[in-house]
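Contents: one structure, followed by commentary.
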Amino acid sequence: MSARANSLLLGLAALIIAAPLILNPTGQFGGTDDAASEVVTSSHPAYEKWTGPLWQPSKEMEGLLFALQAAFGAGLLGYVIGRRHGRSGK
């Protein structure tokens, strides 16, 4: 792929990432877990959880684990794409 195509794809990716922030700057960007909890609580106020987490990390640790999970996923995806690209060149 040419450098121009790479630059174009990188710019398009940046535009897709920035679009929600530009189009709705006052919007609330929360997680789906929180949204689902609010829906369940509003529709069934008497609902009680019947399970609990085995381990509850701190908020800082949650961020670190999420970042590690994302980095691992990105690395794995890059590895698979690289392997497939390498095989197609033979």
Side-chain angles (χ1 to χ4, degrees):
M1 202 177 278
S2 70
R4 183 173 180 205
N6 286 339
S7 298
L8 185 64
L9 288 174
L10 189 60
L12 184 63
L15 183 66
I16 290 171
I17 291 169
L21 300 173
I22 294 169
L23 296 175
N24 191 8
T26 59
Q28 294 183 4
F29 300 99
T32 55
D33 293 343
D34 294 335
S37 295
E38 288 178 15
V39 169
V40 169
T41 303
S42 65
S43 64
H44 296 87
Y47 177 77
E48 292 183 24
K49 290 183 178 179
W50 56 276
T51 61
L54 296 175
W55 175 57
Q56 185 71 34
S58 65
K59 289 292 181 186
E60 295 84 13
M61 186 63 88
E62 281 182 0
L64 173 69
L65 291 173
F66 185 75
L68 285 174
Q69 179 185 6
F72 179 74
L76 183 65
L77 182 65
Y79 175 77
V80 169
I81 290 173
R83 284 283 289 192
R84 294 189 72 143
H85 182 71
R87 284 186 183 172
S88 67
K90 290 182 180 177

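The line from CG of L8 to CG of L10 is 9.5 Å long, rounded to the nearest 0.5 Å. To the nearest 0.5 Å, atom CE of residue M61 and atom CD of residue Q56 are 12.0 Å apart. Residue I17 holds its CD1 atom at 10.0 Å from CG of L12, rounded to the nearest 0.5 Å.
Annotation: side chain of E62 is not in contact with side chain of F66 (no heavy-atom distance under 4.5 Å).
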Let me check something: any side-chain donor-acceptor pairs from residues 36-44 under 3.5 Å, sequence neighbours excluded? List them with distances.
unit_1, atom_1, unit_2, atom_2, d
S37, OG, D33, O, 3.0
T41, OG1, S37, O, 2.7
S42, OG, E38, O, 3.1
S42, OG, V39, O, 3.0
S43, OG, V39, O, 3.0
S43, OG, V40, O, 3.4

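Around the OH atom of Y47, the shell of radius 6.0 Å holds more than 12 heavy atoms that belong to other residues, nucleotides or ligands.
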